[in-house]
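Report on the following structure.
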Amino acid sequence: MTVRTRFAPSPTGYLHLGGLRTALYTYLYARKNGGKFILRIEDTDQEREVPGAVEKIYNSMRLAGLEYDEGPDVGGDYGPYIQSQRKDTYLPFAMQLVESGAAYPCFCSKEELDERRAAATADGGQWKYDKHCLSIPKEEALRRMQNGEPFVIRQNIPTTGTASFEDALYGHVEAPCDTLDDNVLIKQDGLPTYNFANVIDDHLMGITHVMRGTEYLSSTPKYNLLYEALGWTPPTYIHMSPVMKDSTRKLSKRHGDPGFEDLLAQGYVKDAIINFIALLGWCPDVKKYGEKEFFTMDELIEAFDLNGLSKSPAIFNTEKLNWFNHEYIMKMDFEDYLAMATPWFDKALAGKNIDYRRLAELMHTRTEIFGNVPEQVKFLAELPEYDIDIYTHKKMKTNPEVSLKALQLARPAIAAIENFTEDNVKEVLMNLAAANDMKTGQMMWPVRIAISGLASTPGGATEIAYLIGKEECLRRIDLGIEKLS
RNA sequence: GGCUCCUUGGUCAAGUGGUUAAGACACCGCCCUUUCACGGCGGCUACAGGGGUUCGAAUCCCCUAGGAGUCACCA
């Protein structure tokens, strides 16, 4: 049997990281098993739908490298892949259930239900639909439906016994039927609820493995009741733990947590995000992969297996993502790095005459997130305000007096350099230090401070001197001398 | 609150009755060094608690605690 998996988001916004991970695992499982990966849009709640969200989903999937074999915008033999376009396929199945007694029409209005629910809940009690409309004779119910009376169709959950399912990760999960509610299957607007649509579509689309978040763990026993009533074989279920912001809160865009595309915009590289997110809640077989932690998409496909999935929630740890990003950037080909860094350099240095190639060489191992690059290099465009305290460095054996002396010596020496290269600047300053009985650091540190205004910089005094050029260098040293005098 | 599920260091996690309880991130220290970064070396910190079962329990069972999910004409 060919494996068929599906990612089924609802178009309510951009792809968040929990969704991305679910999509990734679902994709990996299909690819690993030579199966098909399907994208289905679950838009049965027209009120929640956000315009443009569907396109965002397509785009994010592409950016993430999660190519689907079937989907709304790529076609396939099981379409349409947008649930609102399948509206007419659900009711017949619901009526089949009504016929067999596994479901029944309900005419209670929303207002009536709200009242009854409020009354039942008022004293802290529980509320479950009271099967009020189950007692309506079937003929009468059908007549009322035909007469155009508004109705919904509810699942008729048995009042005794248990409902259960087998999960590939969590094992046997069962719930007492009397704790389960008679959920609405078909809404008044004729569209199905998730509770019904997922069962119908997964079956009709031949989905063999349903991979989704644990939020569905407790309602899945009910879905199995539906499969049973329809005479269908349930798929293999694989529920996956959520990605958390901290130990008690789920990662969510409502709390301002970044989505996949936000991360991209902040200067994270796609492969680092995928690599990191893959390892959040899943671990490759140590026997096969040892301590390996860098995986390309192809390697993830090769390594992915259900055994490595974790049952408990994982906290999204930005520190580790940053580390992955930094590693990926350092591994990047230099030309690629230069190309990617250039727009970020421009944000701080546009219009300045700076050697980007040389700057990129210096920045390559120092870039953790591209978004931080402008801040890291903007001192080249403009000398920041700084406190003379930073001239003092214990290990370099510098203080304001030593620094002033160093700058006063360096000023004319630098001014005299004809060919202003890093090597020449370095040679001149080193010789100058030696000739005046100073340690190298006692010369280099003050010069670097004076020309950068920062305690730490990408590159040392000579690199910075070269980047900003001789004139700017002299100007900044003069300012330093002034400050220290 | 009912139901379902989860629980190894600050974080990600390996581990499926016998291990000195891996590794990674972060943090700290040392080395390298004109700062930072890179790189190298080292260190810190964990089986939620309590009962069993067993010669032996992170691993099996029970209880407690904590956390999560769910209880919609949302998905």
Side-chain angles (χ1 to χ4, degrees), chain A residues 8-10 12 42-45 47-48 106 108-110 113-114 117 124-128 150-154 167 170 173-176 178-181 183-189 191-195 197-198 212-221 239 241-242 244 246-250 276 279-283 285-287 290-293 308 310-324 326 330 362-368 376 390 393 395-396 426 429-430 433 439-449 452 454-464:
Chain A
S10 59
T12 54
E42 309 227 324
D43 62 342
T44 55
D45 184 356
E47 286 178 22
R48 285 212 313 162
C106 169
C108 298
S109 72
K110 232 175 162 174
L113 289 172
D114 287 344
R117 182 183 295 112
Q126 295 295 300
W127 160 260
K128 232 172 47 142
F151 68 94
V152 301
I153 292 178
R154 287 182 183 275
D167 187 277
Y170 290 92
V173 177
E174 74 174 24
D178 61 6
T179 63
L180 271 22
D181 200 359
N183 286 129
V184 168
L185 265 22
I186 300 286
K187 298 183 283 184
Q188 209 177 93
D189 64 7
L191 282 166
T193 59
Y194 175 85
N195 299 112
N198 92 85
R212 59 172 46 144
T214 49
E215 63 267 32
Y216 299 108
L217 205 57
S218 55
S219 43
T220 302
H239 287 90
S241 59
M244 310 290 285
D246 53 43
S247 61
T248 62
R249 286 177 301 169
K250 217 168 144 177
F276 168 69
L279 264 22
L280 200 61
W282 172 73
C283 183
D285 185 350
V286 178
K287 287 191 195 73
E291 309 297 341
K292 179 178 169 70
E293 56 189 338
S310 170
K311 286 194 265 194
S312 40
I315 296 173
F316 183 88
N317 178 210
T318 309
E319 300 282 359
K320 184 99 184 210
L321 205 213
N322 290 349
W323 176 78
F324 265 114
H326 189 193
M330 287 196 291
L362 295 171
M363 288 295 292
H364 199 169
T365 61
R366 290 172 241 249
T367 303
E368 191 172 58
Q376 283 174 280
I390 60 174
H393 189 281
K395 208 174 144 210
M396 293 300 112
K426 184 171 182 179
L429 291 179
M430 300 265 282
K439 303 191 68 103
T440 304
Q442 290 179 307
M443 177 59 67
M444 295 299 192
W445 179 275
V447 171
R448 191 181 60 80
I449 297 298
S452 71
L454 297 172
S456 71
T457 49
T462 56
E463 288 90 351
I464 292 165

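First the proteins, then the strands, lettered A, B, ... as listed; each starts at 1.
Put simply, A:Lys187 has a side-chain N or O that comes within less than 4.0 Å of OP1 or OP2 on B:C74. Between A:Thr44 and B:A75, a side-chain N or O to OP1/OP2 separation shorter than 4.0 Å is present. Proximity of A:Lys320 to the phosphate of B:C12: no side-chain N or O atom is located under 4.0 Å from OP1 or OP2.
Across all strands, A:Met396 comes closer than 4.0 Å only to sugar-phosphate atoms, never to a base (heavy-atom distances). Heavy atoms of A:Thr248 sit under 4.0 angstrom from primed sugar atoms or phosphate atoms, though from no base atom. Residue A:Pro176 is classed as a sugar-phosphate contact, given heavy-atom separations below 4.0 Å to backbone atoms only.
Residue side chain A:Lys395 does not reach the base of B:U34 through any donor-acceptor N/O pair under 3.5 Å, judged by distance alone. Between the side chain of A:Arg448 and the base of B:U34 there is no donor-acceptor pair of N/O atoms closer than 3.5 Å. At a cut-off of 3.5 angstrom, the base of B:U34 holds at least one donor-acceptor pair with the side chain of A:Thr462. Taking only distance into account, the side chain of A:Gln126 never meets the base of B:G2 through a donor-acceptor pair shorter than 3.5 Å.
Sequence order on RNA chain B of the closest nucleotides to A:Asn317 and A:Tyr170 puts A:Tyr170 first from the 5' end.
Nucleotide B:U4 holds its P atom 21 Å from the OH atom of A:Tyr216, rounded to whole Å.
Spacing between B:G9 and B:C47 at atom P, rounded to whole Å, works out to 7 Å.
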